There are 2 protein chains.
Amino acid sequence: MREIPGYEFGKVPDAPISDEEFELLKKSVMWTEEDEKYRKLACEVLKGQVEQILDLWYGWVGSNPHLVYYFGDRSGRPIPQYLEAVRKRFGQWILDTVCRSYDRQWLNYVYEIGLRHHRTKKGKTDGVETVEHIPLRYMVAFIAPIGLTIKPFLEKGGHPPDVVEKMWAAWIKSVVLQVAIWSHPYAKPGEW
Amino acid sequence: MREIPGYEFGKVPDAPISDEEFELLKKSVMWTEEDEKYRKLACEVLKGQVEQILDLWYGWVGSNPHLVYYFGDRSGRPIPQYLEAVRKRFGQWILDTVCRSYDRQWLNYVYEIGLRHHRTKKGKTDGVETVEHIPLRYMVAFIAPIGLTIKPFLEKGGHPPDVVEKMWAAWIKSVVLQVAIWSHPYAKPGEW
Ligand code: HEM
Ligand code: HEM
């Protein structure tokens, strides 16, 4: 795998989330051994489709001024090198979501991704002067597009409909799990 | 419809969310006319199944000590009359989600439901001495169980699989939309 600028998996500090909190959160999204199994199958299916998935998502964000705004500078102009740099890491995230094991290193990097959307670190990784912060409501809202639009790509693997549906459920649960983690820096003290 | 104690649809203050914010949030969950159409079909399908849906959800929450905890008093004992009172309003919420129009009154009551999970109002409606607050991470996490487990109930309407899937997508989008609204009181000032 060639190096992706700003992708720091394995190199970020520990997330302020305990193993027990993490386990209970997995239970709360109904994560089971079955999801573990089917997300690994999704890993095989999605591997060769990353660019097409990104085309779809970037196309949709690009067609929504109130969303592409967050990839822009403070006067509202999109920053092409920012969009490009994030795109590469976003592609890697798709793979990490379906192929990596959900251990402490994974949790730590998921947490880091949350900070990069929040005012704590937004724009810092790429050294860009961008809108400072992505609102919490949009972080939650994106569970729908990211969760739902993956289905046709899962179908391309040629597996029967019930298997596709199980991969899809695992995908949605994982996206929900990650957004729950990303909400941490946004919450008032003691409310996460 | 008989009166449901503590159900105050149409009687709560205005949510601190503008019409424009609400519209953009709907766009961000990819809400379309199609969802509007299929959620009304889901209204027909789910109407007679509310008790069975609640049995499933309450059964699942009941089997998870870290979740049923939030229906308890401060020493950890579940409060039966609290569970019962909330169950009635929860049933009404299922119907409101699929049958009511998403206007200002609906938005205001959705916002109120968020406050009732947050320390602002938790336990106040039923006058119970309960755990003060439900963490934001579980609010987000519940998108998975509430979003996914509705499928078999939608199937019971006897519609073809592609129609069931469209009703399901509308349901998931609406749950995501509502949790995005519920996250408002949890966010640090200016971060929602
Ligand atoms: C389910 C919700 C979301 C997912 C799965 C997601 C995924 C990602 C990923 C994987 C990255 C790169 C992380 C890395 O640096 O390794 C990223 C960065 C970014 N995303 Fe998101 N995202 C979500 C919500 C949003 C929303 C709502 C927006 C606003 C339009 C947004 C805009 C951005 C921006 C601007 C960056 C660059 C952040 C930086 O400065 O480092 N994302 N996102
Ligand atoms: C997708 C997420 C959730 C949905 C759709 C949901 C739905 C509802 C609804 C409709 C009500 C009644 C609202 C009313 O008073 O009219 C309610 C209340 C309640 N829910 Fe949730 N809920 C969610 C997350 C959670 C979580 C994570 C917990 C924790 C286990 C929880 C525990 C409670 C409790 C204790 C109440 C009573 C609050 C009060 O004191 O008024 N809910 N919920």
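Being a predicted model, the structure only gives us computed values, none of them experimental. Proteins get letters first, then strands, A, B, ... in listed order; numbering begins at 1 in each.
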Contact class of [X] relative to chain B, heavy atoms under 4.5 angstrom:
X	result
A:His118	side chain
A:Trp60	side chain
A:Pro185	backbone
A:Lys26	neither

Practice task
Could you label the plane-to-plane angle of the A:Phe90 and A:Tyr58 rings as parallel, tilted or perpendicular, counting under 30° as parallel and over 60° as perpendicular?
Solution key: perpendicular

Practice task
Quick one: sort the B:His184 and B:Tyr111 rings into parallel, tilted or perpendicular, breaks at 30° and 60°.
Solution key: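 Perpendicular: the ring planes of B:His184 and B:Tyr111 meet at over 60°.
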
Fill in the blank from the handout: Counting heavy-atom pairs under 4.5 angstrom with chain A, the leader among B:Phe142, B:Trp31, B:Tyr138 is B:Tyr138

Establish, from distance only, whether the side-chain atoms of [X] and [Y] form a donor-acceptor pair under 3.5 Å.
X	Y	result
B:Trp192	B:Ser183	yes
A:Asp96	A:Tyr7	yes
A:Ser28	B:His66	yes

Handout entry: Face-on cation placement of B:Arg100 at B:Phe9 ring, 6.0 Å and 45° thresholds
Key =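 So B:Arg100 does make the cation-pi contact.
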
Practice task
Establish, yes or no, whether the cationic atom of B:Arg104 lies under 6.0 Å from the six-membered ring centre of B:Phe22 and within 45° of the ring axis.
Solution key: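 Because its charged atom misses either the 6.0 Å distance or the 45° angle limit, B:Arg104 does not stack over B:Phe22.
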
Exercise for the section: Considering only NZ, NE, NH1 and NH2 on the basic side and carboxylate oxygens on the acidic side, decide whether B:Glu51 and B:Arg87 come within less than 4.0 Å. Expected result: yes

Problem - chain B contact residues among residues 163-178 of chain A, heavy-atom distance under 4.5 Å - result: A:Glu165, A:Trp168, A:Ala169, A:Ile172, A:Lys173, A:Val176

